[in-house]
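So that the names make sense, note that chain A is the first sequence line, chain B the second, and so on, each numbered from 1.
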Amino acid sequence: MYALIDCNNFFVSCERLFEPGLEGVPVGVLSNNDGCVIARSEELKALGITMGMPVHQIPSGQRRRIVLRSSNYALYGDLSSRVQQVLAARVPALEPYSIDECFLDLRGIGGDLDVLGRSLVQAVEREVGLPVSLGIAPTRTLAKLANRRAKGMPGHSQFCLWPDAQAPELSRYLHQLPLKAVWGIGSRLALKLASLGIDNAAALRETPEALLRMRFSVVVARTARELRGTPCLEAHELATPRRSILCSRSFGRLINDRQQLSDALRHHCQRAGEKLRRDDMLASAIGVFLRTNPHHTGPQQSHSLWTMLPFPSADTLRLNHHAQRLLADLWRPGIAYQKLGVMLADLSPRHGSQASLFEGHEPARQEALMLAWDAIRQRYGRDSLTLGLRYDNATWPMNSRYRSPCYTTRWDELPQVST
DNA sequence: TCTGGGGTCCTAGGACCC
DNA sequence: TCTGGGGTCCTAGGACCC
């Protein structure tokens, strides 16, 4: 048996935890750049504000009645790890899945699952203060659905236990469940499946595996099998070490200027190098992508280029050097670009990686330079040392007008208390 | 005017080999 | 005129997730 526990309206709940006045109020949390709504309170959902809705599409009448917050990932990340600590103290096998979700492997756990499930929900609420939902079922895919079912439960019992995949109650639930609600079936696949007459979760799990394998992919076939109650996903498939790093940002307006694109790329390379060194890893391949605005009509372009580094590296200067050459090959005159990013792949641990006889390695001087670089920024702040001009001098500063204080990670942002 | 960012996995098709 | 078959590897792009 597996469980899925997740925090209800996680980002909104985090904001409310430190600002209780937001209880009962329609609250939304915005994406980077304050572009669109990525988390909603129940009150905001009731107003018809949809997931991913651009802020500028919210009618101004509604806009005045709701509260918006910029995303504050330092706060959410910290609360997320507190939730995990509470769970880890009670269940042996934890599989964190996202910032607000965690699978629990309950195989081999004796005792009453109903009692265990309810006690976990209560423990998180009591010790962290965040409301959570919990679903338990024979597979992870079904546990996700049990969790969804739990959220619909009346009152405070956000818990659902489905011990048997073939139980009539579960079958009834799957019959009325749109395909899109199933983990692994997105809107595109749902459309294609519907064209074959498969338009709910029960229909999917009754479809012969060979047909799904032939017309779709192993992923869809596996999902159907999970719906029938046979576990197909291994833990290591969920929690593998990071395989790639991506740093990207929309510009907020369209850009073709080579220099401005180059500036943005330099900034992204700097962040990517930092992530890499924080994880103590090296990258062997680097890629750059450049794309137009997919929301606009007219011709679209979205291309990426990759190159191998001469040897595995975590050197910001080297990453930037190769990325800039890729950008030069990607860039075309007269095209209005909306987004640019750098990607690192073929990651390996910095220590313990076997040095090849023929392959070079980063000179010790460069490694020392990057260590000093990180140390200076750590000590004197991120703005104390940057590659080239500071990025916020550029034309597209990132918007985060409504960010709350980092209550749990920054002393200087704690509200003043008068004595 | 303004539409996120960061990941994973799979597949089709091209390049290449014998 | 007639121009193989079978395999591997790599990459770009698509689909999914939160």
From Gln260(A) atom CD to Leu265(A) atom CG, the distance as rounded to the nearest 0.5 Å
13.5 Å

Need one value for Leu30(A): base, sugar-phosphate or nothing, where a base atom within 4.0 Å counts as base even if backbone is also close, heavy atoms only.
nothing

Pick base, sugar-phosphate or nothing for Ser71(A), based on heavy-atom distances below 4.0 Å to the nucleic acid.
nothing

Phosphate OP1/OP2 of dG5(B): any Arg249(A) side-chain N/O under 4.0 Å:
yes

Considering only side-chain heavy atoms of Lys339(A), which listed nucleotide, dC17(C), dG5(B), dG7(B), is closest?
dG5(B)

Can you check the Phe289(A) CZ to dG14(C) P distance for me, whole Å?
14 Å

Winner on side-chain proximity to Arg242(A), out of dG7(B), dC17(C), dG4(B), is dG7(B)

Residue mapping more 5' on DNA chain B - nearest nucleotide basis, Val219(A) or Cys247(A):
Cys247(A)

Rounded to whole Å, the NE2-C1' distance (His56(A) to dC2(B)) equals 5 Å

For dG6(B) and Ser248(A) - does any side-chain N or O of the residue sit under 4.0 Å from the phosphate oxygens OP1/OP2?
yes

Reading 5' to 3' through nucleotides 8-13 of chain C, protein heavy-atom contacts under 4.0 Å coded B for base, S for sugar-phosphate only, - for none:
----SS

NA contact type, Val55(A), heavy-atom cut-off 4.0 Å: base, sugar-phosphate, or nothing?
nothing

With a 6.0 Å cut-off on the ring centroids, do Tyr97(A) and Trp183(A) count as close?
yes

Looking only at dC16(C), dC17(C), dG7(B), the nucleotide nearest the Lys275(A) side chain is dG7(B)

Pick base, sugar-phosphate or nothing for Arg215(A), based on heavy-atom distances below 4.0 Å to the nucleic acid.
nothing

Selection from dC17(C), dG4(B), dG7(B) that lies nearest to any side-chain heavy atom of Leu246(A)
dG7(B)

Using a strict threshold of under 4.0 Å (side-chain N to carboxylate O), is an ion pair present between Glu209(A) and Arg222(A)?
no

Does Arg205(A) come within less than 4.0 Å of Glu226(A), counting only side-chain N to carboxylate O?
no

So does Lys144(A) pair up with Glu101(A), basic N to acidic O under 4.0 Å?
yes

Separation of the C1' atoms in dC16(B) and dG4(C), to the nearest angstrom:
16 Å

Looking at dT3(B), dG4(B), dC18(C), which one has an atom nearest to any side-chain atom of His296(A)?
dT3(B)

How close or far is atom P of dC17(C) from atom CG of Asp6(A), stated in whole angstroms?
15 Å

Measure the distance from CG on Leu340(A) to P on dG6(B) and round it to the nearest whole Å.
12 Å

Specify the separation, in whole Å, of atom CZ of Arg222(A) and atom P of dA15(C).
18 Å

Rounded to whole Å, how long is the line connecting atom CG of Asn293(A) with atom P of dT1(B)?
13 Å

Name all residues meeting the salt bridge (charged side-chain N to carboxylate O under 4.0 Å, His left out) criterion together with Glu274(A); count only those two or more places apart in sequence or in a different chain, and write none if there are none.
Arg377(A), Arg382(A)

If the cut-off is 4.0 Å, is Arg271(A) near the phosphate of dG6(B), judged by side-chain N/O to OP1 or OP2?
yes

Do any N or O atoms from the side chain of Ser60(A) and from the backbone of Arg63(A) form a donor-acceptor pair under 3.5 angstrom?
no

What does Ile99(A) touch in the nucleic acid at a heavy-atom separation under 4.0 angstrom: a base, only the sugar-phosphate, or nothing?
nothing

If I take atom CG in residue Leu193(A) and atom P in nucleotide dA15(C), what distance separates them, rounded to the nearest angstrom?
13 Å

Per nearest nucleotide of DNA chain B, the residue lying toward the 5' end, Arg243(A) or Ile38(A), is Ile38(A)

What I want to find out is whether Asp78(A) reaches Arg82(A) closely enough, with some N-O distance under 4.0 Å, to be called a salt bridge.
yes

Looking at Arg225(A) and Glu206(A), is any side-chain nitrogen of the basic one under 4.0 Å from a carboxylate oxygen of the acidic one?
no

Tell me whether Thr386(A) contacts the main-chain N or O of Gly388(A) through its side chain, where contact means a donor paired with an acceptor under 3.5 Å.
yes

Between atom CG in Leu68(A) and atom C1' in dG4(B), what is the gap in whole Å?
15 Å

Any base atoms under 4.0 Å from Val29(A), or only sugar-phosphate, or nothing? Heavy atoms, all strands.
nothing

Does the pair Glu43(A)/Arg65(A) count as a salt bridge with the N-to-O cut at 4.0 Å?
no

Taking OP1 and OP2 of dT3(B), is either one under 4.0 Å from a side-chain nitrogen or oxygen of Ser31(A)?
no

Listing for DNA chain C: consecutive Watson-Crick or G-U pair runs of at least 3, distance cutoff 3.5 Å, ranges ordered by first number, gives B:5-18 with C:5-18

